[in-house]
Each structure stands twice: as C-alpha cells, then as structure tokens.
Amino acid sequence: MRITQFFLVCSYILLLNSCNKQNKTGKVDYVLFSGKISNTTEHELSVVDSNNDFNVLIPINEDGTFSDTLKIESKGSYSFIIGNEHSYMFLDQGDQLELSIDTNKFDESITYTGTAADVNNYLAKKVLLQESFLSNGPKSYETLFSKEATEFKNEVSKQKYAKNELLKKYPNLDPQFVTDQTKENHYEYLSMLNDFKETHTYYTKKSAYDTPKGFLDELKDFDIDNANDFKTSQAYQELIISIFNKLSSEKASKDSIPLSKVLKESLSNIKSKNIKDALIKELTTQISPRNENVAELYSMIIEVSDDNEMKDELTQKFEKIKRLFKGNKSPLFSNYKNYSGGTTSLNELLGKYVYIDVWATWCAPCKAEIPYLKKIEEEFRHKNIEFVSISIDEQAKYDTWKNMVSEKELKGVQLFADDNWSSKFVTDYIIQGIPRFILIDPDGNIVTASAPRPSDSKLLDLFKELHI
C-alpha cells in the first residue's frame, strides 16, 4: 500500500470511528471493504455470513466504486452478492480489502488487494479451479459420476491435490487458514466418495450397483462429532448430515427399529451442541406430506430440541400437514382455466379417483415424467380414474403452457393454476417442489398427498391395491 493510500485509510477510519473503536483485545472490530465494479447495473452489493446472521448492503456509486466498514463479530466465511452472482470471502477483524471485478466475467475477473488479499485471492482461484474440473457444466458432473469407481476415485484425488497445491502459491496465508482449508479440501473429497454410489446408480441406471471392497475405507469410523471442524468446514457440515442420516437408516432397516427411535438414540450420542442442533434442524426439513412417518418424526424432534422458536414454527407446519393425512377431505381448487376451454373445479371431477400432477413448463423433472404419465393414462383410459395436470407457470407463461400441451400432445385434464406457487390449492398441499403427485378418492378424500410418480412402479401397485 502506498503512503498516500495509508493516510487516506486512516482518515476514513478517523471519520467513522474516531480511529479508536476497538474490542477488548485492542484489535479493531471491523473490516474496511472497498473496490471497483465494472459493467454493473446494480445499485448495491450485499455482504452476508454463512449463517445469514450478518447482512450488510453497500451502495454502488455511479462509477462502480464502493466502500464501507463491516463490523463483524469474528473471523470466518462470508460472501459478497451482486445481482444474482456471489463469491466467497474470508474476513477477519482489522482486515483492509479492495475488490476489483467485471460482472461480464464475474468469477474470472475477481482480484483482491490489501491486507487480506492472499486468502481471498486463493478462494477466488479455488472456485475457478473447481469449475475447470466441470467445464462442461451438468454434463461434466454426469460424466464424472458415470466413471467406474477406481477411475472416479483417481479423478477426485487429483482434484484434492490440485486444491492443496493452489494453497502453496500464496505464501502469506495464516497457518491456521491453511490447516482449515486442507481439511476442507479433504472433506470435499470424502463427500464425493460418499455420494458416488447413489449418484453413479442414478446416472448409469445400475439399480443393483455396489462400490468395490475398500472404496469407502477412508470413511470408516468417521467422526461426526468434531465441533471445531463443524465451525470451519462447510464440507464437513454437509458430510456429517449425510452420514448421520445414512447410518440411522441402515440401523433402522437392519434391526427393524422405527427410524424415529434410532434418530433419537443417535442424537443422544452427539456431545457437540452445535452439531446436534444442526442435525435436528436438518431433520425438520423432513416434516413433509411426502414423509409417511412424519408424525413420529415430529414428536421426536419436539422431544429432543430445546429451540422453542423452531418448535413453535414446526408445530404450525405439522398442524397443516395433519390436514393432509390419508382419509381427510382434500383441499379444493376452483375455476382453473382448462386447455380445452372454460374452467374446471375439483368438485366436478369427483365420483372417480383423481390423480393430480402439479408441474410447470420450465421443470425438467416434470417433463421427464410426461412419457410415463401418457402411458399410464392410456392404460387406464376406461378405468375409474381421472388424470389431471395443473401447471403452476406464471401468468406470463400462459401461451408457453398452451403451446407445450399442444406440441407434446398431453392428455387428461390440462389446467392452469390461478396464482402459480401462491395458488391456494398449492399452498394447502404445502407444495414446495415439483413435480408433485396427489391421489384423491371418488368421495374427495385424500388417498395420499404425495403419490408415486408415473415412472415409479409403486404407482401401479397402488392402483392395483385400490382396484382402480
């Protein structure tokens, strides 16, 4: 930093904080963050932490420059966000950091100067390195996970090595940061190994596939109760959640024990409160109409958690889910636009079973189900069942919907919801992801609020069980 720059920074600190706003250790409790953004139409950027507890908006001047002081409680992972793009940062109290970026080449153009330059330049280059391994986008991911196990393991080992070598290019990094990042790179590698079997099976369609002996040896006796690594490693956080769920499911299946009971026992063995709380929070995402054991899971979470605010919110959600239990009256939709003309309400379709597909034209998994749905519709064309597809596209996409119904020759009753995701029928069924399939009996009662997909053989089993 030049002498003139140094005095400008000190003057700025004096102006905002009388140059003496310090914590108990004598270290300032803020970061000086400034820079220049090229080719942006945004008027502000935001800086957030990994837990979304910290969120500061910084105005962007007409010439693309910005500057602010960020009062942070502790060092750690943060992100800056410009429009729909973001990038990770590592900040510590007392840092002075300048960013230069061209939003037309977002990740490729990021350059930092200042006292925290090395650590943040490393993180920016790490993103580019990771992208280089998947340069063809989602197709590269499919190609990687379709490889045979040994070749896959060699490839992800090379990726870990490259990340560790990148660390060596920045000699001024704090030793603790190097240690933490080396662990992070290893946990990212282990996560790839942990995900391999399921993802490989999905892409290769090898339903009976199993990894070769020794493939997962590095995950044997994996410690899911390391409070320190949980604080410093995002990859570790994701990995322990996956392993915890997997081990619990395996034990429940092997010993024929209710999963909720196994989860409760497993949680009782976790000593680190931050990890236990995170695992419980993750389990709350499974409180859903899709979960057949939702009542047992809800009761277990209420019993083991000490987060009263979370429990209150969860109870409100569960009370809504209870209304979707089998045998209850189905929520209704009224006067949805019908592709064939006019409008249609659910009450008009009763007297038969009603199989509802909630979808959208932009949803790839939804469109992947179309051939299977058309086949089942044809097979049950003269049976006691109506097939209804409800699009939750935005109103602006109404013509897109009509064109797709025509082009793909979609059958059944084709309807357009009245307010996309906010349609009452959609919110009543707590639909937060699509495709979603619902089965209602001839009397308007719920058979299942989360029916099997047309591509799932369990759907035909269900129809057979109901004598449709």
Side-chain angles (χ1 to χ4, degrees), residues 126-127 129-168 178-257 259 262-263 265-272 275-276 278-279 282-283 286:
K126 180 180 176 180
V127 170
L129 181 62
Q130 291 177 153
E131 289 178 351
S132 72
F133 294 129
L134 302 171
S135 56
N136 293 325
K139 191 66 180 176
S140 296
Y141 193 81
E142 179 179 349
T143 300
L144 175 61
F145 277 89
S146 296
K147 295 177 183 292
E148 289 305 313
T150 301
E151 187 180 1
F152 171 85
K153 195 170 189 177
N154 287 337
E155 180 64 29
V156 294
S157 294
K158 290 177 184 177
Q159 293 182 16
K160 182 179 78 168
Y161 176 79
K163 293 172 188 175
N164 289 337
E165 286 299 297
L166 180 63
L167 275 170
K168 298 176 183 178
V178 174
T179 298
D180 291 342
Q181 274 297 304
T182 303
K183 285 184 178 181
E184 175 79 354
N185 295 338
H186 183 60
Y187 288 137
E188 288 171 353
Y189 160 75
L190 292 180
S191 291
M192 298 284 270
L193 298 188
N194 186 58
D195 293 343
F196 177 72
K197 179 181 176 179
E198 182 177 342
T199 312
H200 181 80
T201 300
Y202 172 79
Y203 284 127
T204 62
K205 311 302 181 187
K206 298 176 182 176
S207 57
Y209 178 80
D210 198 3
T211 52
K213 184 178 180 180
F215 181 81
L216 294 175
D217 279 357
E218 290 164 284
L219 283 164
K220 279 185 178 179
D221 302 319
F222 184 81
D223 181 11
I224 64 170
D225 202 5
N226 188 320
N228 184 64
D229 286 0
F230 184 85
K231 290 179 182 178
T232 60
S233 172
Q234 181 70 30
Y236 177 78
Q237 294 176 20
E238 295 170 359
L239 187 57
I240 64 167
I241 288 171
S242 175
I243 291 175
F244 176 84
N245 288 332
K246 183 182 295 186
L247 292 176
S248 298
S249 296
E250 289 175 353
K251 180 174 177 58
S253 177
K254 179 183 177 182
D255 298 340
S256 299
I257 301 173
L259 179 58
V262 175
L263 290 170
E265 292 174 353
S266 300
L267 286 168
S268 69
N269 293 325
I270 300 294
K271 297 182 177 63
S272 307
I275 294 178
K276 184 177 180 178
L279 292 171
E282 174 63 22
L283 288 173
Q286 299 178 33

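Only a predicted model underlies this, so the values are computations on that prediction, with no experimental measurement involved.
Taking a 6.0 Å sphere around NZ of K205, one finds it holds more than 12 heavy atoms contributed by other residues, nucleotides or ligands. Other residues, nucleotides and ligands place no more than 12 heavy atoms under 6.0 Å from the OH atom of Y161. Heavy atoms from other residues, nucleotides or ligands lying under 6.0 Å from NZ of K160 number more than 12. More than 12 heavy atoms of other shown residues, nucleotides or ligands fall within 6.0 angstrom of atom CD in E218. Enclosure of atom OH in Y209 by more than 12 non-hydrogen atoms of other residues, nucleotides or ligands within 6.0 angstrom is indicated.
Side chain of S191 to main chain of Y187: a donor-acceptor pair is present (N/O by atom type, distance under 3.5 Å, no hydrogens or angles). In this structure, S146 contributes its side chain and T143 its backbone to no donor-acceptor pair below 3.5 Å. Checked by atom type and distance alone, the side chain of K153 pairs as donor or acceptor with a backbone atom of F215 at under 3.5 Å.
Cation-pi geometry between K246 and F244 is not met: the NZ or CZ atom fails to fall both under 6.0 Å from the ring centre and inside 45° of the normal. Stacking of K183 on the aromatic ring of Y236 is not recorded, the 6.0 Å distance cut-off and the 45° axial limit not both being met.
Using a 4.5 Å heavy-atom cutoff, the side chains of D229 and I240 are not in contact.
Between atom CG of residue L144 and atom CE of residue M192 there is a gap of 5.0 Å, rounded to the nearest 0.5 Å.
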Does K147 form a side chain to side chain donor-acceptor pair (under 3.5 Å) with N154? I'd like the steps, not just the answer. CA-CA 10 Å; K147 295 177 183 292; N154 287 337; over 6 Å; no

